[in-house]
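Here is the structure we will look at, set down as structure tokens.
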Protein chains: 2
Amino acid sequence: MPETPGPAEPSLEEQIAAYQREFQDLDPQVEQVVSALSRLNRRMNVAYSRHTATLGISNAEWEVLKALVVSGAPYRLGPGDLAKRLGLTPAAMTHRIDRMANDGLVTRERDEANRVRVIVELTVEGREKWLEAMRMASVFEEDLLQDLSSEERAAFGEMLMRVLRRVEETQPDAGGRLSDLD
Amino acid sequence: MPETPGPAEPSLEEQIAAYQREFQDLDPQVEQVVSALSRLNRRMNVAYSRHTATLGISNAEWEVLKALVVSGAPYRLGPGDLAKRLGLTPAAMTHRIDRMANDGLVTRERDEANRVRVIVELTVEGREKWLEAMRMASVFEEDLLQDLSSEERAAFGEMLMRVLRRVEETQPDAGGRLSDLD
DNA sequence: GCTTCGAACTTTACTATTGAAGTCTTCAGA
DNA sequence: TCTGAAGACTTCAATAGTAAAGTTCGAAGC
């Protein structure tokens with residue numbers, strides 16, 4: 001039997017202990033919260049990727065579908081708006097829309113009222129993909145919080161919102177690139 | 001004055017309301033938790049990027065520094081181990097190490113005891129970069145949780161750990177790619 | 001009514017990551 | 001010892017992202 005199959009990812013406890021060893025004035029409580037947040041998010045994204053992969057789309061495409069659905073009927077947004085919402089450059093958005101239009105998830109057409117603008121619209125197929133992804137996600141998310149009572153979920157959500165508010169107040173943001181959509 | 005400066009990112013409340021409108025059997029409480037988690041993580045990564053940028057490194061490079069520091073003295077790991085820990089392919093790791101060795105953050109040498117292996121070792125400069133990044137991060141993180149009392153932080157961390165444990169139990173993971181390190 | 005400015009998107013060049021194929025080393029069996 | 005298989009990285013071709021330059025259209029002055 002293999003003693004250690006190779007140094008895999010250290011546990012959160014090990015990781016925090018290592019940071020404390022290397023950096024004295026670290027608040028272990030703060031670090032535990034932050035590290036758990038980050039690792040949890042990573043695990044969740046891996047799970048979402050599995051979901052979307054079974055539908056033949058990528059997480060990146062799912063994000064675009066989500067943004068369009070959230071915008072509400074008639075599910076239309078310009079590439080620039082989409083880019084802002086997803087935290088991408090306009091150039092990246094252009095390419096992503098290329099691919100998605102190619103796959104029939106959205107249509108792209110010029111806005112005849114103002115021909116500088118472009119309108120990206122969700123197709124029926126795109127909406128159905130979103131719905132299937134959403135179904136899988138909601139089952140997964142419900143399972144995720146299974147060990148928290150309803151009261152705990154409420155307290156958890158409330159604290160998350162408080163921290164989120166704090167970061168949005170203190171970080172002007174300036175249209176941040178990076179990372180995944182909610 | 002501009003009525004709306006352009007549809008920016010919708011607030012979490014708006015977003016959740018939109019999901020409920022489009023997808024009836026969605027638990028708003030669950031969705032609030034999940035969306036807040038995801039958005040918070042995004043904001044945090046934007047902030048970390050600002051920190052690392054001022055040090056002249058990227059978040060990607062910082063992740064490698066963190067993994068090496070967490071491994072403890074003498075701060076050595078193989079490219080394969082690093083790739084596992086960061087959730088990257090070995091190929092990506094090869095390139096990342098190229099760049100970092102070029103920048104003097106790590107050294108790369110063949111393991112003379114087993115010449116198939118390669119040893120990546122943190123340099124003094126790399127360790128200092130890590131330390132500076134860590135200082136900035138710890139200030140930011142302390143500020144992030146400012147609105148939570150010590151009791152709340154403990155409860156928050158405990159719930160995060162419970163959810164994390166849940167996802168790690170139910171998702172076999174199989175060495176997930178994707179996303180950022182803790 | 002030109003002309004210039006700015007906005008919205010696209011194009012281009014470059015960088016980072018992936019998956020698959022390739023290389024080199026070690027180890028176990030014939 | 002030779003040979004074959006497996007492991008650890010690297011190389012290669014293709015994909016997706018960024019930053020900056022380029023296009024095109026609309027609007028505001030002169």
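Residue numbers start from 1 in every chain, and the chains themselves are labelled A, B, ... in the order their sequence lines are given, proteins ahead of strands. The model shown is predicted, which means the values in this text are computed figures rather than measured ones. Atoms considered below: every heavy atom in the structure, side chains included; atoms not considered: hydrogens, waters and symmetry mates.
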Taking only side-chain N and O atoms of B:Arg99, does any of them lie within less than 4.0 angstrom of OP1 or OP2 on C:dC14?
no

Which nucleotide in the list C:dT17, D:dT18, D:dC9 gets nearest to the side chain of B:Pro79?
D:dC9

Of C:dT11, D:dC12, D:dG17, the nucleotide closest to the side chain of A:Ala91 is C:dT11

Expressed as a whole number of angstroms, how long is the span from [X]:[atom1] to [N]:[atom2]?
| X | N | atom1 | atom2 | answer |
| --- | --- | --- | --- | --- |
| B:Ile97 | C:dT17 | CD1 | P | 12 Å |
| B:Glu63 | C:dA16 | CD | P | 14 Å |
| A:Asn59 | C:dT17 | CG | P | 17 Å |
| A:Lys84 | C:dA7 | NZ | P | 11 Å |
| A:Asp103 | D:dT15 | CG | C1' | 14 Å |
| A:Met100 | D:dT15 | CE | C1' | 16 Å |
| A:Asp81 | C:dA7 | CG | C1' | 13 Å |
| A:His95 | C:dT10 | NE2 | P | 10 Å |

Ignoring hydrogens and geometry beyond distance, is a side-chain donor-acceptor pair present between [X] and [Y] at under 3.5 Å?
| X | Y | result |
| --- | --- | --- |
| A:Arg153 | B:Gln32 | no |
| A:Tyr48 | A:Glu63 | no |
| A:Tyr75 | B:Glu22 | yes |

Walk me through whether B:Thr89 and B:Thr94 qualify under side chain to side chain contact (heavy atoms under 4.5 Å, CB included).
CA-CA 9 Å; B:Thr89 60; B:Thr94 294; over 6 Å; no

Within a strict 4.5 Å, meaning less than it, do heavy atoms of the B:Leu55 and B:Met136 side chains meet?
yes

Could you label the plane-to-plane angle of the A:Phe156 and B:Phe156 rings as parallel, tilted or perpendicular, counting under 30° as parallel and over 60° as perpendicular?
tilted

Selection: residues 108-122 of chain B, any non-hydrogen atom under 4.0 Å of DNA chain C
B:Asn114, B:Arg115, B:Val116

CA sep, side-chain torsions, deciding dist, call: B:Arg96, B:Glu61, salt bridge (charged side-chain N to carboxylate O under 4.0 Å, His left out)
CA-CA 8 Å; B:Arg96 219 183 252 194; B:Glu61 290 171 325; over 6 Å; no

